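These numbers come from a predicted model, not from an experiment.
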Amino acid sequence: MLVTVPVPAPRILLLGEASSRPAGLERSLARSGYLVTEAEGLGPPSLPPAPPDAVLVTTARADERLAEALAALSGEGWRGIPRIVLLAAAGSDQVARALDLGADDAVSGSASLAEVTARLAARLRRQAVPPESREAAWRQELMFDILEELSASLRSDTIVETLVRRVGLALELPKCSFLLATPEDRYGRVVAVCERPGARDLRVDLHRYPEIREALRSGRT
């Protein structure tokens, strides 16, 4: 009996200015079998739960803003993830400038969508870092990202909300909450909810959640 295991679609993180993207770019990537996650702007993106297989940065020109964007994609977690720049401006000087700024590949505005997807495919074929190593480095990058955000928080409630939100993101959880209670309590207090950022100080009857009572009693997950 022959069993075929489906190969997961390559994940592409699409960054940059939407106005600099050629018409039909997202549709072309999807038709080529890529799973696209978009992030608006050239600032440091919020890290997705899983590492992308490649980053496609769209921008008008190869300038200081592009240099800052590429620098933000140079941490340990981004090691081995190709960064391809798609420039709205035409000209070989712009391509050369983007490469000098740190791009792994660059395409000028005169390139066709077929060329863009072909360059992505070529880069992914030459992927040097094993998926296992990339996943481990990405989890570490997520944790560093959480700590960096926490260090900027001064209020304790903001710190707890950040922890809940980022842990839920890192572990790809549909629900994640922070609850305060002791084994003797009948009621617990939820102080942060991942899926409801504004919710806090919610009273919870622990008799309705025997799994929580058992975790409190045993001290185990």
Contacts of type salt bridge (charged side-chain N to carboxylate O under 4.0 Å, His left out), residue [X], not counting sequence neighbours:
X	value
Arg220	none
Arg119	Asp105, Glu115
Glu68	none
Arg61	none

Any donor-acceptor pair under 3.5 Å from [X] side chain to [Y] backbone:
X	Y	result
Glu26	Val36	no
Arg11	Thr37	no
Ser28	Gly24	no

Set of residues satisfying side-chain contact (heavy atoms from CB on, under 4.5 Å) with respect to Arg186, sequence neighbours excluded
Asp205, His207

hydrophobic_cluster_shared for [Y] and [X], side chain cutoff 4.5 Å:
X	Y	result
Val116	Leu124	yes
Val191	Val193	no
Ile212	Leu180	no
Leu73	Ile81	yes
Val160	Val190	no

Measuring from [X]:[atom1] to [Y]:[atom2], what's the distance to the nearest 0.5 Å?
X	Y	atom1	atom2	value
Arg196	Glu161	CZ	CD	12.5 Å
Leu87	Leu66	CG	CG	7.0 Å
Leu15	Thr58	CG	OG1	8.0 Å
Leu120	Ile84	CG	CD1	4.0 Å
Leu25	Ser20	CG	OG	11.5 Å
Asp53	Tyr34	CG	OH	9.5 Å

At their closest point, which heavy atom of [X] faces which heavy atom of [Y], and how far apart are they?
X	Y	value
Ala106	Ala98	CB-CB, 3.8 Å
Ala192	Val164	CB-CG2, 3.8 Å
Leu206	Gly188	CG-N, 3.7 Å
Glu17	Ala60	OE1-N, 3.1 Å
Gly33	Ala9	O-CB, 3.3 Å

So Thr182 and Leu216, side chain to side chain contact (heavy atoms under 4.5 Å, CB included) or not? Walk me through it.
CA-CA 6 Å; Thr182 69; Leu216 290 169; over 6 Å; no

Please report the C-alpha distance between Leu70 and Val85 in whole Å, then the side-chain angles of each, then the deciding distance to 0.1 Å, and finally whether the side chain to side chain contact (heavy atoms under 4.5 Å, CB included) criterion is met.
CA-CA 9 Å; Leu70 292 173; Val85 173; 4.3 Å; yes

Taking side-chain hydrogen bond (donor to acceptor under 3.5 Å, both in side chains) as the definition, give me every residue that meets it alongside Glu211, ordered by chain and number, with sequence neighbours left out.
none

Please walk me through it: do Leu29 and Leu56 pass side chain to side chain contact (heavy atoms under 4.5 Å, CB included)?
CA-CA 11 Å; Leu29 292 171; Leu56 183 60; 4.2 Å; yes

